[in-house]
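Each remark here refers to the structure printed beneath this line.
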Amino acid sequence: MIRLNIVVEGQTEEVFVNKLLKPHLAAFNVVPVPRLIFTGRKYGRVFRGGVTRYHNFKWDLVLWMREDRKDSSFFTTMLDLYGLPYDFPGQIKVRSSRDPYRKVRTLEKAMERDFNEPRFIPYIQLHEFETLLLAQPQRFSAFFINNKERVRGLSNMVDEFPNPEYIDQGERTAPSKRIA
């Protein structure tokens, strides 16, 4: 069995790993294990979710790698390109680039060099995870059973754009904010 430890940004990604990836990857003898990103500690309490500083993210992942040293254990990330902190490796290099695919490749390579760990497979998502959920907004009817108007509103909003990837226009209009 291979264990695939995945650092995720939030609860949506955590649910995705547990509910969809786990059953799918089980057929390949891969067990994905999600863990929310460490964001800080206050009064002895640990806070997780969202990338606030690269240093915190790296520190938490390095500790996890030390806890799980098995050759059959691998580590990856599920990070959104949008909203990565300023101190993320490679950010200065990609700041002026208009090609989002180049940005992702450059940032993943920079992260790979920074960790220098053969069990680490960096992954940065071009768009916020919730964008994928908006590919078929009618599926939200399974969650909003008594609120068809909300599902219709999401469908209408998606119809305003050429595809869901265009929805991510900023902090207040990101797919996760619109769904919430």
Side-chain angles (χ1 to χ4, degrees), residues 2-22 24-25 28 30 32-39 48-65 73-137 139 157-158 160-180:
I2 293 172
R3 183 179 8 246
L4 181 60
N5 298 306
I6 307 172
V7 176
V8 297
E9 278 196 59
Q11 291 82 11
T12 305
E13 293 85 354
E14 186 178 39
V15 169
F16 169 75
V17 170
N18 284 326
K19 299 277 184 186
L20 294 172
L21 279 186
K22 235 177 216 175
H24 175 74
L25 293 177
F28 303 97
V30 175
V33 179
R35 181 156 130 177
L36 286 168
I37 291 174
F38 172 82
T39 55
R48 294 188 176 275
V51 186
T52 55
R53 292 182 48 217
Y54 180 75
H55 172 77
N56 289 347
F57 157 76
K58 182 179 179 184
W59 174 80
D60 192 41
L61 185 50
V62 166
L63 287 178
W64 199 9
M65 289 175 174
S73 294
F74 293 86
F75 296 83
T76 191
T77 56
M78 209 169 166
L79 307 176
D80 301 334
L81 174 62
Y82 173 76
L84 286 177
Y86 68 92
D87 62 340
F88 204 89
Q91 278 286 41
I92 293 170
K93 194 173 185 178
V94 302
R95 195 168 282 148
S96 61
S97 176
R98 293 198 180 272
D99 180 353
Y101 297 98
R102 176 181 243 170
K103 283 183 179 184
V104 166
R105 283 191 306 273
T106 302
L107 293 168
E108 285 175 346
K109 280 287 182 201
M111 196 171 29
E112 184 177 28
R113 279 191 304 275
D114 189 46
F115 274 89
N116 192 28
E117 163 63 61
R119 299 177 306 143
F120 180 58
I121 307 158
Y123 173 65
I124 296 174
Q125 300 181 131
L126 180 55
H127 299 283
E128 187 180 54
F129 175 80
E130 286 79 0
T131 300
L132 300 174
L133 301 177
L134 292 175
Q136 291 186 319
R139 297 287 191 131
M157 182 258 310
V158 170
E160 295 174 21
F161 297 91
N163 70 56
E165 293 178 344
Y166 282 91
I167 295 170
D168 205 349
Q169 304 277 317
E171 192 172 319
R172 291 193 175 135
T173 58
S176 60
K177 303 297 187 273
R178 291 177 188 250
I179 292 169

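Values reported hereafter were calculated over all heavy atoms of this structure, with side chains retained and with hydrogens, waters and symmetry mates removed.
- Taking the side chain as every heavy atom from C-beta outward, Asp60 and Arg35 approach each other to under 4.5 Å.
- With sequence neighbours excluded, no residue forms a side-chain hydrogen bond (donor to acceptor under 3.5 Å, both in side chains) with Glu108.
- From Leu107, atom CG reaches atom OG1 of Thr77 across 10.5 Å, with rounding to the nearest 0.5 Å.
- Between the side chain of Glu9 and the main chain of Asp80, a donor-acceptor pair closer than 3.5 Å is present.
- Between the side chain of Gln125 and the backbone N or O of Met78, no donor-acceptor pair lies under 3.5 Å.
- Pro89 pairs by the side-chain contact (heavy atoms from CB on, under 4.5 Å) definition with Tyr54, Ala110, Asp114, not counting sequence neighbours.
- Looking only at side-chain heavy atoms (C-beta outward), Val30 and Phe74 stay at 4.5 Å or farther from each other.
- Residues Gln91 and Leu84 are in side-chain contact: their nearest non-hydrogen atoms beyond the backbone lie under 4.5 Å apart.
- Expressed to the nearest 0.5 Å, how far CD1 of Ile6 lies from CG of Leu21 amounts to 5.5 Å.
- Side-chain atoms of Val7 and Tyr123, non-hydrogen and from C-beta on, never get closer than 4.5 Å to each other.
- Taking Thr12 as the reference, Phe129, Glu130, Leu133 meet the side-chain contact (heavy atoms from CB on, under 4.5 Å) condition, with sequence neighbours excluded.
- The line from CG of Leu81 to CZ of Phe88 is 9.5 Å long, rounded to the nearest 0.5 Å.
- Within the 4.5 Å cutoff, the side chain of Phe75 has no heavy atoms near those of the Ile121 side chain.
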How far apart are the C-alpha atoms of Thr76 and Phe120, what are their side-chain angles, what is the distance that settles it, and do they pass the side chain to side chain contact (heavy atoms under 4.5 Å, CB included) test? CA-CA 6 Å; Thr76 191; Phe120 180 58; 5.7 Å; no
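- For the pair Ile92/Tyr86, no side-chain contact is recorded, criterion being any heavy-atom separation below 4.5 Å from C-beta on.
- Under the ring pair (Phe, Tyr, Trp, His ring centres under 6.0 Å) criterion, Phe28 pairs with His24, not counting sequence neighbours.
- By the 4.5 Å heavy-atom criterion applied to side chains, Val8 and Ile37 are not counted as neighbours.
- With sequence neighbours excluded, no residue satisfies side-chain hydrogen bond (donor to acceptor under 3.5 Å, both in side chains) with Thr106.
- With sequence neighbours excluded, no residue forms a side-chain hydrogen bond (donor to acceptor under 3.5 Å, both in side chains) with Arg53.
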With side chain to side chain contact (heavy atoms under 4.5 Å, CB included) as the test, would you mind laying out the steps for Phe57 and Met111 before giving the verdict?
-> CA-CA 11 Å; Phe57 157 76; Met111 196 171 29; 3.9 Å; yes
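- Not counting sequence neighbours, the partners of Val62 by the side-chain contact (heavy atoms from CB on, under 4.5 Å) test are Lys58, Arg66, Phe115.
- Within a 6.0 Å sphere centred on CG of Leu20, heavy atoms belonging to other residues, nucleotides or ligands number more than 12.
- The salt bridge (Lys or Arg N to Asp or Glu O under 4.0 Å) test applied to Lys22 returns no partner, not counting sequence neighbours.
- Each salt bridge (charged side-chain N to carboxylate O under 4.0 Å, His left out) pair with one or both residues in residues 83-104, not counting sequence neighbours, would appear here, but there are none.
- For Glu117, the side-chain hydrogen bond (donor to acceptor under 3.5 Å, both in side chains) partners are Arg119, not counting sequence neighbours.
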